[in-house]
Amino acid sequence: MSKLEPKLKITNRLHVFRAEKRISQEELAKAIDVTRGTIVAIEGGDYNPSLELAFRLARYLNTDIHSIFQAEERTDGKNK
Amino acid sequence: MEKINKLLSKYLIYAVPFHLLFIAGAYLGHAKVPFMGLAAAKVFIDILSWNFILWFAVIVFMVCQLLFNGAYRSGFFEAIKRMAGVKERDEREAAAVDSAARYAYISTLSLLVFILFVLSVSVTIGKLPPDKVVDGKTKTISIGAGIALWDDGAAQPAQDGSGVIFSTARLPLSKWSLIALITAWHLLSFLFYVRRAGRTKKIMDDPNKTGPEVSNG
């Protein structure tokens with residue numbers, strides 16, 4: 001495995017938190033100052049946010065990072 | 001100075017449609033379209049051509065600032081980014097631009113190296129005159145390598161003593177030199193910015209540097 005290949009698989013429950021808060025992707029994007037495309041990409045597992053953005057998300061949703069994002073060992077050797 | 005740079009950055013972006021008009025005008029003039037012979041059309045094309053020259057002069061000015069004065073970098077970068085259609089509205093788009101830039105850097109470098117190779121190697125297939133045919137073989141192939149640094153056809157003096165002293169249209173550099181120059185610029189500017197960007201990390205990684213105190217409470 002190369003040094004650049006991710007060794008952990010990051011999953012998230014962002015859509016669950018968003019549903020609990022009853023806010024749209026657009027509203028969440030506006031609130032944390034990103035584009036809706038970024039929210040779509042995070043929820044779809046296509047993009048892992050930076051630590052700073054993860055904190056911003058957690059703060060806005062009144063929770064901690066670990067509740068939204070989980071990391072597990074990668075076993076498939078693939079990126080997704 | 002910052003205001004002037006902001007104005008120049010805006011000028012760089014908003015002048016682009018006029019260049020398209022200028023190119024279209026130059027094409028129509030070349031094609032001898034009747035209305036292009038009108039005095040008003042000629043004056044208009046003249047103004048557009050001066051605008052074209054001014055635009056490049058501003059680019060050169062901004063590039064000089066970019067090289068020698070880092071303070072004005074952001075404004076110029078913003079203008080170039082807008083012209084290039086680069087969108088970095090948030091970190092995901094910035095990451096996409098990063099990876100696109102990495103691909104563009106490698107692919108452009110590959111293309112430049114390929115062109116350099118093609119310009120350095122000469123392959124000629126020729127036909128032999130009938131008296132030099134050996135064993136019925138009429139064709140010849142020659143392979144060689146050579147580098148021409150200067151363009152021999154540039155600025156030749158005329159027989160009567162008159163001639164062009166300097167003309168930007170006749171750059172004395174050969175095609176090989178130009179491509180080599182662009183390749184070197186491409187590589188060196190990349191290495192320079194990687195070094196600069198990596199400097200911050202080096203300080204962070206310095207084992208002698210005292211890090212911030214971490215409280216467990």
Side-chain angles (χ1 to χ4, degrees), chain A residues 1-15 17-18 21 23-61 63-66 68-71 74 77-80, chain B residues 6 13 73-75 77-110 113 186-187 189-207 209-217:
Chain A
M1 188 185 271
S2 93
K3 279 189 176 181
L4 287 175
E5 265 181 71
K7 291 164 184 70
L8 293 174
K9 188 182 175 191
I10 312 288
T11 55
N12 71 78
R13 294 174 62 235
L14 186 58
H15 66 287
F17 278 92
R18 199 168 49 74
K21 276 234 169 196
I23 50 168
S24 67
Q25 289 176 331
E26 189 73 53
E27 284 167 333
L28 178 60
K30 264 189 188 169
I32 59 164
D33 196 25
V34 293
T35 58
R36 184 177 158 260
T38 298
I39 301 297
V40 173
I42 294 171
E43 287 189 359
D46 296 322
Y47 175 69
N48 290 331
S50 68
L51 199 53
E52 196 229 327
L53 180 53
F55 269 112
R56 261 158 49 201
L57 276 166
R59 270 191 192 177
Y60 180 75
L61 297 168
T63 184
D64 58 293
I65 289 181
H66 268 96
I68 308 173
F69 297 97
Q70 295 82 39
R74 189 175 290 276
K78 287 178 187 170
N79 286 352
K80 273 169 79 182
Chain B
K6 268 188 183 172
I13 295 161
R73 196 170 293 136
S74 59
F77 267 154
E78 287 305 314
I80 292 288
K81 266 163 62 179
R82 275 188 72 177
M83 277 192 285
V86 173
K87 278 183 181 174
E88 285 182 303
R89 289 170 299 179
D90 64 15
E91 62 170 53
R92 184 183 57 89
E93 287 185 348
V97 169
D98 279 355
S99 95
R102 194 178 302 123
Y103 173 77
Y105 171 72
I106 299 291
S107 62
T108 308
L109 191 62
S110 313
V113 170
H186 198 58
L187 261 170
S189 60
F190 173 78
L191 293 174
F192 173 74
Y193 282 105
V194 161
R195 244 182 112 84
R196 264 177 61 129
R199 215 177 275 164
T200 326
K201 194 174 180 306
K202 207 173 170 186
I203 296 164
M204 301 274 283
D205 291 345
D206 187 354
K209 186 179 174 287
T210 317
E213 281 180 27
V214 180
S215 67
N216 294 323

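Any value given below was found using the heavy atoms of this structure, including those in side chains, with hydrogens, waters and symmetry copies removed. Numbers restart at 1 for each chain; the letters A, B, ... are given by sequence-line order, proteins then strands.
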Asks: Count the heavy atoms of every other residue, nucleotide or ligand shown that sit under 6.0 Å from NE2 of B/His186, and state whether that count exceeds 12.
Replies: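 Buried by this count: over 12 neighbours within 6.0 Å.
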Asks: With a 6.0 Å cut-off (strictly less than), is the heavy-atom count around CG of A/Asp33, excluding the residue itself, greater than 12?
Replies: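 No.
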Asks: Of the non-hydrogen atoms in B/Arg92 and A/Ala41, which two are nearest, and what is the gap between them?
Replies: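 Distance-wise, the nearest heavy atoms are CD-CB, 3.5 Å.
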Asks: Starting at CG of A/Asn48, measure out to CD of B/Glu91 and round the result to the nearest 0.5 Å.
Replies: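 Rounded to the nearest 0.5 Å, the CG-CD separation comes to 10.0 Å.
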Asks: Check whether more than 12 heavy atoms from other residues, nucleotides or ligands sit under 6.0 Å from atom CZ of A/Phe55, and answer yes or no.
Replies: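 Result for CZ/A/Phe55: open.
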Asks: Pick one: which of A/Ile39, A/Ile32, A/Val34, A/Leu53 meets side chain to side chain contact (heavy atoms under 4.5 Å, CB included) with B/Asp90?
Replies: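 Checked A/Ile39, A/Ile32, A/Val34, A/Leu53 against B/Asp90; only one passes side chain to side chain contact (heavy atoms under 4.5 Å, CB included): A/Val34.
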Asks: Is the NZ atom of A/Lys30 crowded by more than 12 outside heavy atoms at less than 6.0 Å?
Replies: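 Counting other residues, nucleotides and ligands, NZ of A/Lys30 stays at 12 neighbours or fewer.
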